[in-house]
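Every chain is numbered from 1, with letters handed out A, B, ... down the list of sequences.
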There are 2 protein chains.
Amino acid sequence: MSDRAAPRAAVDPSDAAERILARIRERGGAPTIYDIAELAGVNPSTVSRALGKPGRISAATAQKVEDAAARLDFRVNPMARALQTGKTRMLGLVVADITNPVVFDIVRGAELEAAAAGYTLVIAESQESGVNEAEAVERLLPSVDGLVLATTRMPANQIDELAARKSLVLINRAVDGVPSVLPDVESGVEQLVEHLAEHGHRSFVYLAGPDRSWISARRWAAILAAAERRGIAIVEVGPNAPTIEGGRTALRRVIASQATALIAYNDLMAIGFMQESAAQGIGVPDRISVAGFDDIFGSELIVPALTTVRADLVRAGRQAVAMTLSGDRDSAASAGLLPTSLIVRGSTGAAPRR
Amino acid sequence: MSDRAAPRAAVDPSDAAERILARIRERGGAPTIYDIAELAGVNPSTVSRALGKPGRISAATAQKVEDAAARLDFRVNPMARALQTGKTRMLGLVVADITNPVVFDIVRGAELEAAAAGYTLVIAESQESGVNEAEAVERLLPSVDGLVLATTRMPANQIDELAARKSLVLINRAVDGVPSVLPDVESGVEQLVEHLAEHGHRSFVYLAGPDRSWISARRWAAILAAAERRGIAIVEVGPNAPTIEGGRTALRRVIASQATALIAYNDLMAIGFMQESAAQGIGVPDRISVAGFDDIFGSELIVPALTTVRADLVRAGRQAVAMTLSGDRDSAASAGLLPTSLIVRGSTGAAPRR
DNA sequence: TTGTAAGCGTTATCAC
DNA sequence: GTGATAACGCTTACAA
């Protein structure tokens, strides 16, 4: 081994590091691969390779580079990398309303999956407005490698256009040719309608969500079909705001229908409806049974606790991100539907006797 | 006016646009300022100026550039801009637990303010773990211009270090020399303790939050002082997980203390405690009064509804982002404390007779 | 007011 | 296996 140090290499390496660190501090920036290259005595391109693709470099050089990088506390500049590669390693997630409990689980799932893949998640809120949503999408688009739209309000053609530009995945919305993560609405609805039918209910109201909500239409279709199959009377009341307030203000119209069971577009509306019922002295479930969708936080706190159709939203978030990253359009079909299940609680019971 | 077109400029401008668009499509990228420059017949730097600093360009040129940009559907590449300027126009927000309702409002406030300032908000979750938090911060750091840490678990020295590197603002945590947004704990606590005292309570329990939670310690200190001032007996029970489960498992220890009023670190714990009380047949507020902090979604749903100390968390989020952007350390002092207020609901009532 | 040219920190394409 | 060099798309002195 040529262990004897070359006489002219007598510079104290830790001194060199100090000198470089001082220079970095002085220019007030972060260390770059040039700094590392200098300290390790190699070319910047070698540093890039050593850090980026471990295989293609000699073990000795790789070690030198890694040591130098650690010594200088180096982190790659994501902007510079993105500029060169065209990949930002960021993902966008657009949701309608961050304060809606339904969204939390989606966000968490997406965050988990994104972080696991080394991606950074950027979240934007549309506040239930299509215009805001389009703006948010435009703002995010140049910075992200892919986009997840949860319960989007955008028209199908806009979505198509978007999908052509970026890897795009939809949650709770189907558009031909665009990958999406969808709950198996039928299965949960079937259980719910069966549960209500068993309790003697022969007349339902569906309290619809917002006007152009794809998923609200989807739920309505499933409920309608299941009710028809059993010869149960059903009407759709709406559209309504998908909020507590939306549920509250619908009370009178629902009661006027003389239905004995209410299925709300989501738990928030069901909760609003129940609050207003309580205020008006209308008994739940004695006078009317109430059910919702989503099983949000709060559904088991309210009295009576809310019967609801739950979907695994954390999984939806994870899956959407995974699909966005794979960029594989065909996986959309193969992904299948997310299972849903009925959670029976106190807000549903026997239909009142005529 | 020299209105007559120069003979050699006879190229159909819309043709030129088509040609450039085709080229862009072919190379599979987004339009750049070079494309605009070509179409508008000016230099790229002029495009940059026209788009970036409207004042410093002739109206005619500015118009040409804007038209060309619109025609090509141009958007600046944030990465390229960031690389040059060192500013990413992104802000990081690190929260302990996205699914904790307290966090929603902070997120929404931060999002609102960031969007208004043209910044993009990047959210990371630490899942209540200091290690995860440090990781998330490191991951975010190179991509953001500033950072907001909500209820951080990081040690003060790490926070100091961070603040030296980036514009940093804390929510619900104070560290010397680092700007922070803090609630006026004393005022809300004073109201709460007074409310309980008026109802005859002479013995309290404070159900503490996590071990190193600065804000839990803060609340305890305020409660302790207010109780002492009135000669009310008080003990701290904990630390506990700041969750429903944390509240549930504390029931026995709280009851054993024979206190007549419980103040929980947050609403989640208070709700957990009440759920377990109900399960054990312990009446709230007949046997023990319960109060929390935060006024989360769900606090008014549970029965009895929860008495709680509310702070304006949306405002906290907004303010934190605004402070991060201003980068003004002194504004920390001038910002003052966020007002808090007591929301009295059914979970607190008269102390049981001895 | 506008053009010229350098540079931000990486990665990719060549050579050697 | 490693070094030189040219991009990536934008901003910004400095010239003109």
For DNA chain C, whose closest nucleotide is more 5', that of B/Pro44 or that of A/Ala80? B/Pro44
Under 3.5 Å, sequence neighbours excluded: what are the donor-acceptor pairs made by side chains of residues 62-69 of chain B?
unit_1	atom_1	unit_2	atom_2	d
B/Gln63	NE2	B/Asp67	OD1	3.0

Once you round it to whole Å, what is the distance between P of C/dC14 and CZ of A/Arg56? 14 Å
Do any side-chain nitrogens or oxygens of B/Ser58 fall under 4.0 Å of OP1 or OP2 in C/dT2? yes
Would you mind telling me which residue lines up with the more 5' stretch of DNA chain C, A/Lys53 or A/Arg27, judged by nearest nucleotide? A/Arg27
Go through C/dG9, D/dC10, C/dT2 for me and flag the one nearest to the A/Thr32 side chain. C/dG9
Salt-bridge present (A/Arg71, A/Asp35; N to O < 4.0 Å): no
Check the distance between D/dC8's C1' and B/Arg81's CZ and give it to me in whole angstrom. 16 Å
So, does A/Asn43 get its side chain near the phosphate of D/dA4, meaning an N or O under 4.0 Å from OP1 or OP2? yes
Taking 4.0 angstrom as the limit, do B/Arg23 and B/Glu38 come out as a salt bridge? yes
Phosphate contact (D/dC10 OP1 or OP2) by B/Ser48 side-chain N/O below 4.0 Å: no
Write down the distance between NZ (B/Lys64) and C1' (C/dT1), rounded to a whole number of angstrom. 12 Å
Nearest to the side chain of A/Gln84, heavy atoms from C-beta on, is which of C/dG9, D/dT12, C/dT2? C/dG9
Between atom CZ in A/Arg89 and atom P in C/dT10, what is the gap in whole Å? 15 Å
With sequence neighbours left out, the residues meeting salt bridge (Lys or Arg N to Asp or Glu O under 4.0 Å) with B/Glu111 are none
Report yes or no: is there a donor-acceptor pair, N or O only, under 3.5 Å between the side chain of B/Tyr34 and the base of D/dC10? yes
Whether A/Thr324 side chain and A/Ala320 backbone form a donor-acceptor pair below 3.5 Å: yes
Interatomic distance where CG belongs to B/Leu83 and P belongs to D/dT11 [whole Å]: 11 Å
How many whole angstroms separate atom CD1 of B/Ile33 from atom C1' of C/dT2? 14 Å
For a quick check, tell me whether the side chain of B/Arg49 and the base of C/dG3 share a donor-acceptor pair closer than 3.5 Å. yes
Whole-Å gap separating C1' (D/dG9) and CD (B/Glu38): 16 Å
Examine the base of D/dT5 for any acceptor or donor lying under 3.5 Å from a partner atom in the side chain of A/Ser45, and report the outcome as yes or no. no
Output the rounded distance in Å from CG (B/Asn77) to P (D/dT11). 9 Å
